[in-house]
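Reading through the structure tokens given below for one structure.
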2 protein chains.
Amino acid sequence: MRIDDRKLKILQAVIADYISTAQPIGSRTIAKKYKLGISSATIRNEMSDLEEMGYLEQPHTSAGRVPSERAYRLYVDRLMQIRNLPRNEQEIIIRELGERIDEIESIIRKTARILSQLTRYTSLVINSHLTGCRLRRIHFIPLDSHSLVAVIVTDSGIVKNTIIKTADPVTAEYLESLTRVVNDKFEDITIEELNRCIASEGYKKLAYRYSQLDSFIPVLMEGLSIATGDEVYADGMSNLFNFPEYSDISKAKSLLELIEEKEQLMEIISRIGGKGVVVSIGSELDNTCMKDCSLVTASYRVGGSEIGRIGVIGPTRMEYERVVAVLEFISTYITGMMER
Amino acid sequence: MRIDDRKLKILQAVIADYISTAQPIGSRTIAKKYKLGISSATIRNEMSDLEEMGYLEQPHTSAGRVPSERAYRLYVDRLMQIRNLPRNEQEIIIRELGERIDEIESIIRKTARILSQLTRYTSLVINSHLTGCRLRRIHFIPLDSHSLVAVIVTDSGIVKNTIIKTADPVTAEYLESLTRVVNDKFEDITIEELNRCIASEGYKKLAYRYSQLDSFIPVLMEGLSIATGDEVYADGMSNLFNFPEYSDISKAKSLLELIEEKEQLMEIISRIGGKGVVVSIGSELDNTCMKDCSLVTASYRVGGSEIGRIGVIGPTRMEYERVVAVLEFISTYITGMMER
DNA sequence: GTTAGCACTCTTTAAAGGAGAGTGCTAATA
DNA sequence: TATTAGCACTCTCCTTTAAAGAGTGCTAAC
């Protein structure tokens, strides 16, 4: 059966209504509320067809109908209107995030905050930190006789530091030699390559060649690998309770647990590739806790390469139009901030 | 009326039972479960007295009784046994936190995590960051022609960095002069004093005296103040739902909101002074969202001065003995880590 | 002072009985 | 042939009612 224009209109009406009310919607309501010029009986027949085609579902006989995942997918791909974010909301974002490039952590936290406040959903920010950035230079600052700080500066101006304990005493010559060797070896390498190099046996060779540093190199490697790891932030978890979907405590709990258990969440998000805004609906996320959730994410970049994603999580009945507009704007904005 | 030994025993039984079951407890249950050698009728009379004295409450006539805040206070102050944390749990903590002093953020996050996992309550870590620490040195690393990184090292080995944009071009001489001036001026100052100094008009004088740097000093000050601010971390929020007290969605939501809204939480915690472990029960916290909660916190130190508190939040019916033991141990342990 | 016995109270749970919303089907209509 | 009105039927939700259960307070006996 083909889905003709009238069916599409009815489907759109059901989705729009369900997104805003969370109530199953009946033929009579559609006939009254959305003036489509056809009677409830006709709508009833069409809805029956739509159900057969897998776009609508009935919680039980004699309840109204509810959009299926398939319907949301159709809606996201073809029905919904891509909008620009209203001017005043753009201004809120710009004001809150500021123009100054702070520490990266601070941007991430602020982004998560504003995202959850603006959308009223739970927000996520996953930052692959430096992956893809190029190392510009590593500076070493003495701390005491057997420890120092490695300050890692990337070409995109991101700075991270990590404390390293050394076996040998920290002297001026030691520092100088260290700086020379490390920067010689690692200049202009991407962090991704660096991490691979650490994981491989390569560093042993390096350690061998500079025998006076051999005890140090592995420690440095470990320090760098910690400093360049990924992170996930979540904010607005209490927003989950804005939705009747989560009035069931056990559902809310298991979702909250998933969000707090960053590892799993990270895995789910990292499976989502793609540039720009990506909408993942329900079972597409392939996780039982999230089978009734949608996740909308957008990537942001530094120096052309994706270094993270921001996103919101909520019921499949999500205000996709609005959420997409917000994510589109914020991801572009922070990409701009990072590039500078 | 005096609270004699038998009353105390009965009260203890009620509290212990209620902490573990969350059910109002009746005289018959006590008589059966706790062999006090007296009948349920006698217990009934004593409980009636205890209610009159404000230690017990009845949800309604013909329900069992429930401990009041006053009872918990008595329990915490006089009845409960201070225990050491079992050896195996100590080992879990030591293993998870590790021995190596990472970046401070990492310690904080790990502490919050282990604390919530071990207690099954929601954990908090508030870190007043560098307040109280002494500045050892500020290093400057050039980033590009008009920005640099200030790396702040304190006497306790904590390192923070902040990016600063400059009006003047960043040259070698500029950096050198900057390093000299700033370290001259700020050597051995505590971060607290530094922040005060920033807030005051003092820095203008400084800026005046080193006119070649005048445009820079205010920016540096701002950067330092951001880098040295306070932070609150929370973990294990989903643990709230372990307790029937929060099966009411609206209660759970308002508490979650409070926890996510760090500012208010910070204010509440900072009102709690005192060394070591402090138990705050219900209305003692003076916040409507938390009137049915208890908050148990412990301070940790760096170089003798308190720089933060860790704590757990849960229903007033909290496993105080256990929680106090955990907090005691962890706060001592991370103090030890920081001192090193 | 302590205990047994008993009437009384209040909540919780289950069952029963509408009310309401919405459907599917049939027959009439354009 | 597509659309519409009408109506019986189904299922949920809400309210009412009834019964069960737990615990108390009081009185009288030990």
Side-chain angles (χ1 to χ4, degrees), chain A residues 1-11 13-15 17-18 20-68 71 244-245 247-248, chain B residues 1-11 13-15 17-18 20-68 71 244-245 247-248:
Chain A
M1 198 182 317
R2 238 190 74 59
I3 184 161
D4 59 25
D5 197 53
R6 194 170 68 179
K7 282 193 175 55
L8 230 43
K9 279 217 180 71
I10 292 171
L11 188 56
V14 174
I15 295 174
D17 213 75
Y18 190 69
S20 67
T21 67
Q23 294 296 324
I25 178 169
S27 51
R28 231 176 92 80
T29 317
I30 292 186
K32 269 192 298 185
K33 218 159 151 184
Y34 302 83
K35 314 257 174 236
L36 301 179
I38 44 181
S39 75
S40 71
T42 310
I43 294 175
R44 214 143 47 226
N45 290 331
E46 294 285 43
M47 283 170 89
S48 184
D49 289 349
L50 284 168
E51 181 167 5
E52 209 175 308
M53 295 161 81
Y55 290 108
L56 293 181
E57 285 165 358
Q58 266 184 307
H60 53 85
T61 12
S62 89
R65 281 173 169 100
V66 160
S68 68
E245 280 85 346
S247 57
D248 175 9
Chain B
M1 202 183 314
R2 239 189 74 58
I3 185 160
D4 59 24
D5 197 52
R6 193 170 68 182
K7 282 193 173 59
L8 230 43
K9 279 216 180 72
I10 292 172
L11 187 57
V14 174
I15 294 174
D17 213 76
Y18 190 70
S20 66
T21 66
Q23 295 296 324
I25 180 169
S27 53
R28 232 176 91 82
T29 317
I30 293 185
K32 270 194 297 186
K33 217 158 152 184
Y34 303 82
K35 314 262 173 227
L36 302 178
I38 43 179
S39 75
S40 69
T42 309
I43 293 174
R44 212 139 54 223
N45 290 331
E46 294 286 43
M47 283 171 89
S48 183
D49 288 350
L50 284 168
E51 180 167 6
E52 208 176 308
M53 294 160 81
Y55 290 107
L56 293 180
E57 286 164 358
Q58 265 183 307
H60 53 85
T61 11
S62 90
R65 283 176 169 96
V66 159
S68 68
E245 279 85 346
S247 56
D248 175 8

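Here is the naming used below: chain letters follow the sequence lines, and residue numbers restart at 1 for every chain. Computed from a predicted model, the values in this text were never measured in an experiment.
For the pair B/E46 CD and D/dG25 P, the computed distance is 13 Å after rounding to whole Å. Rounded to whole Å, atom P of C/dT23 lies 15 Å from atom CD of A/E57. Nucleotide D/dG23 holds its P atom 9 Å from the CE atom of B/M47, rounded to whole Å. Put simply, CD on A/Q58 is 14 Å from C1' on D/dC9, counting in whole angstrom units. As a whole-Å value, the separation of A/L50 CG from C/dG22 C1' is 17 Å. What separates NZ of A/K33 from P of C/dA21 is a distance of 14 Å, to the nearest Å. Rounded to a whole Å, the CG atom of A/N45 is 11 Å from the P atom of C/dT23. In this structure, the NE2 atom of A/H60 is 10 Å from the P atom of C/dG22, given to the nearest Å.
When each of A/G26 and B/T61 is assigned the nucleotide of DNA chain C with its nearest heavy atom, B/T61 is the one assigned upstream, toward the 5' end.
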Side-chain donor-acceptor distances from residues 29-38 of chain A under 3.5 Å, at least two apart:
from  : atom 1 : to    : atom 2 : distance (Å)
A/K33 : NZ     : A/D17 : OD1    : 2.8
A/Y34 : OH     : A/D17 : OD1    : 2.8
A/K35 : NZ     : A/K32 : O      : 3.3

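In terms of heavy-atom proximity, A/L11 sits nearest to A/A71 at CD1-CB, 4.1 Å. Here the shortest heavy-atom pairing between B/K7 and B/R2 reads CD-O, 4.2 Å.
Take B/D248 and apply the side-chain hydrogen bond (donor to acceptor under 3.5 Å, both in side chains) test, not counting sequence neighbours, and it matches B/S250.
In this structure, B/S27 OG and B/E46 CD are separated by 12.0 Å, a value rounded to the nearest 0.5 Å. Rounding to the nearest 0.5 Å places OG of A/S68 at 8.0 Å from CD1 of A/I15. Between the CD1 atom in A/I3 and the CG atom in A/D49 there is a gap of 10.0 Å [rounded to 0.5 Å].
The stretch residues 36-44 of chain B comes close to DNA chain C through B/I38, B/S39, B/A41, B/T42, B/R44, each having a heavy atom under 4.0 Å from the strand.
The residue A/R65 sits close only to the backbone: its heavy atoms come under 4.0 Å of sugar-phosphate atoms, none of a base.
Here B/S62 does not reach the OP1 or OP2 of C/dT11: none of its side-chain N or O atoms lies under 4.0 Å away.
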